[in-house]
Amino acid sequence: MKITRATVIVTCPGRNFVTLKIETDEGVYGIGDATLNGREKAVVAYLEDHVIPVLIGRDAHRIEDIWQYLYKGAYWRRGPVTMSAIAAVDTALWDIKAKAAGLPLYQILGGASREGVLVYGHANGADIGETADAVGRYRDMGYRAIRAQSGVPGVKGAYGVGKGGLYYEPADSALPEETVWSTPHYLRHAPKLFERLRAEHGEEIELLHDVHHRLTPIEAARLGKDLEPFRLFWMEDCTPAENQEAFRLVRRHTTTPLAVGEIFNSVHDCRTLIQEQLIDFIRTTVVHAGGITHLRQIAGLAALYQVRTGSHGATDLSPVCMGAALHFDLWVPNFGIQEYMRHTEETDAVFPHAYRFENGYLHPGDTPGHGVDIDEALAAKYPYNPKQLPVARLTDGTLWNW
Ligand code: EZ4
Ligand code: CO
């Protein structure tokens with residue numbers, strides 16, 4: 001089955017998405033997500049200028065060989081742009097293989113290991129009361145696991161606080177918005193949030209929290225300890241992880257489970273974290289970590305060390321990524337949880353999909369392939385609209401980690 005054509009589709013039904021479509025001489029086509037939030041055009045150029053020309057004429061069934069060709073053949077390995085481009089090709093090829101076999105993708109990977117994919121939603125609020133109410137709304141919708149973030153007194157524009165409603169979108173400005181960060185205020189506030197959530201919502205609901213890289217290792221250790229009474233499912237990205245050894249310090253001090261990896265793009269970004277069992281959940285995704293092929297390798301390493309998966313699933317990962325991720329999640333033996341931020345109705349209309357939410361679980365559906373398509377005519381009605389993520393500065397002006 002020869003690849004005859006590949007095209008990149010950029011669309012902005014509320015936010016920007018980049019999709020790769022690969023067509024074959026047998027009429028079967030596949031799609032893959034290539035969205036890199038705030039850096040979309042870099043991946044578009046990488047695909048159009050450097051990847052698509054070498055794909056034409058190759059056998060679409062040779063997924064592994066094409067992956068190796070794009071990774072080793074580029075000479076320049078890894079990095080978010082390269083790995084998102086490779087991921088898009090890989091996802092589209094798995095879609096094609098499963099469609100050609102007439103099977104949903106999870107069957108090709110090894111079949112279902114569970115009945116559904118446990119997901120967590122996002123409860124945000126300007127203060128603790130609003131967040132507690134938002135948790136209630138997610139419980140009413142059937143969610144069994146909920147991430148909770150709230151505004152922090154003394155901090156303007158804390159991470160994860162929406163502008164109203166259930167929808168949260170951090171990349172909403174043509175040039176990066178400047179926010180202010182105060183660690184002392186946050187460290188005093190966060191345990192109060194979870195104390196209130198446990199008092200109001202009980203022990204049964206799983207609660208998660210995203211620190212979004214704001215703390216130093218010893219501050220993260222302190223927060224982990226302070227959150228222990230509230231039994232979090234995980235504390236995410238408590239400190240930047242380029243230095244994987246930094247997590248040794250956090251780990252030594254707290255039993256709060258740790259999750260990291262949404263900005264990783266390769267198994268080498270998490271090798272030490274996994275092998276030294278410094279984390280409990282690895283958050284690498286289909287789109288940013290080289291596709292199903294590479295994610296499978298990361299999950300395989302993690303399984304040896306009882307680290308479970310907890311893939312990133314924010315709104316900047318398109319429904320195409322979500323569909324592929326759900327097939328992966330249904331199969332992967334060491335599955336933990338899947339993040340699920342609901343897309344807007346406009347986005348769902350551009351990307352018709354087979355996956356569905358029921359009682360706190362997502363199901364990928366049984367449509368052959370990964371079950372997500374793109375309505376190209378509708379996509380064309382939403383032109384690219386440049387948006388970037390915010391930056392954060394400490395109160396004295398020092399640039400910090402957003
Ligand atoms: O800030 O996806 O866990 N979710 C997150 C997200 C990220 C965005 C960055 O593109 O941290 O909200
Ligand atoms: Co996060």
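Residue numbers count from 1 along this sequence. All values below were derived from every heavy atom in this structure, side-chain atoms included, with hydrogens, water molecules and symmetry-related copies excluded.
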Begin with the C-alpha distance, continue with both residues' side-chain angles, and end with the deciding distance and a verdict on side-chain contact (heavy atoms from CB on, under 4.5 Å) for I374 and V350. CA-CA 6 Å; I374 182 163; V350 169; 4.2 Å; yes

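- At a threshold of 4.0 Å, the pair K21-E376 counts as salt-bridged, since one of the basic side-chain nitrogens sits closer than that to a carboxylate oxygen.
- Under a 4.0 Å N-O distance rule, the pair R231/E203 does not qualify as a salt bridge.
- A cation-pi arrangement, defined by a distance under 6.0 Å to the six-membered ring centre and an angle within 45 degrees of its axis, is absent between R62 and Y69.
- Checked by atom type, the side-chain pair R78/H268 shows no donor-acceptor distance below 3.5 Å.
- Using a 4.5 Å heavy-atom threshold, the side chains of R147 and E339 count as touching.
- A ring-centre distance under 6.0 Å is not found for H353 and F351.
- Y120 pairs with exactly one of W234, F357, Y138, F233 by the ring pair (Phe, Tyr, Trp, His ring centres under 6.0 Å) rule, that one being W234.
- Y186 places none of its side-chain heavy atoms less than 4.5 Å from the side chain of R214.
- D237 pairs with exactly one of R283, H213, H212 by the side-chain hydrogen bond (donor to acceptor under 3.5 Å, both in side chains) rule, that one being H213.
- Heavy atoms of other residues, nucleotides or ligands lying less than 6.0 angstrom from CZ of R222 number 12 at most.
- M83 places a side-chain heavy atom less than 4.5 Å from the side chain of Y71.
- A donor-acceptor pair under 3.5 Å is absent between the side-chain atoms of E195 and the main chain of F230, judged by distance alone.
- Other residues, nucleotides and ligands place no more than 12 heavy atoms under 6.0 Å from the CZ atom of R5.
- For the pair M1 and I96, the minimum side-chain heavy-atom distance is below 4.5 Å.
- Ring geometry for H312 against H288 counts as tilted: the plane angle lies between 30° and 60°, on a 0 to 90° scale.
- Looking at heavy atoms from C-beta onward, R114 lies in side-chain contact with L330 at the 4.5 angstrom threshold.
- Residues meeting the side chain to side chain contact (heavy atoms under 4.5 Å, CB included) test with P153, sequence neighbours left out: H189.
- For Y361, there are no ring-ring contact (aromatic ring centres under 6.0 Å, His included) partners, not counting sequence neighbours.
- Closest of all the heavy-atom pairs between N16 and N385 is ND2-O, 2.6 Å.
- Contact check for I218 versus H253: side-chain heavy atoms found under the 4.5 Å cut-off.
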- Does the side chain to side chain donor-acceptor pair (under 3.5 Å) test come out yes or no for E346 and Y382, once each step is laid out? CA-CA 10 Å; E346 289 79 4; Y382 300 106; 5.7 Å; no

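- Between E219 and L187, the closest side-chain pair of non-hydrogen atoms falls below 4.5 Å.
- Within the structure, side chain to side chain donor-acceptor pair (under 3.5 Å) contacts touching residues 89-98 (residues at least two apart or in different chains) are H61-K97, D90-W94, D90-T293, W94-T293, D95-H370.
- At a threshold of 4.0 Å, the pair D127-K192 does not count as salt-bridged, since none of the basic side-chain nitrogens sits closer than that to a carboxylate oxygen.
- Side-chain contact between V18 and L36 is absent, with no heavy atoms from C-beta onward closer than 4.5 Å.
- Around atom CG of L175, no more than 12 heavy atoms belonging to other residues, nucleotides or ligands sit under 6.0 Å away.
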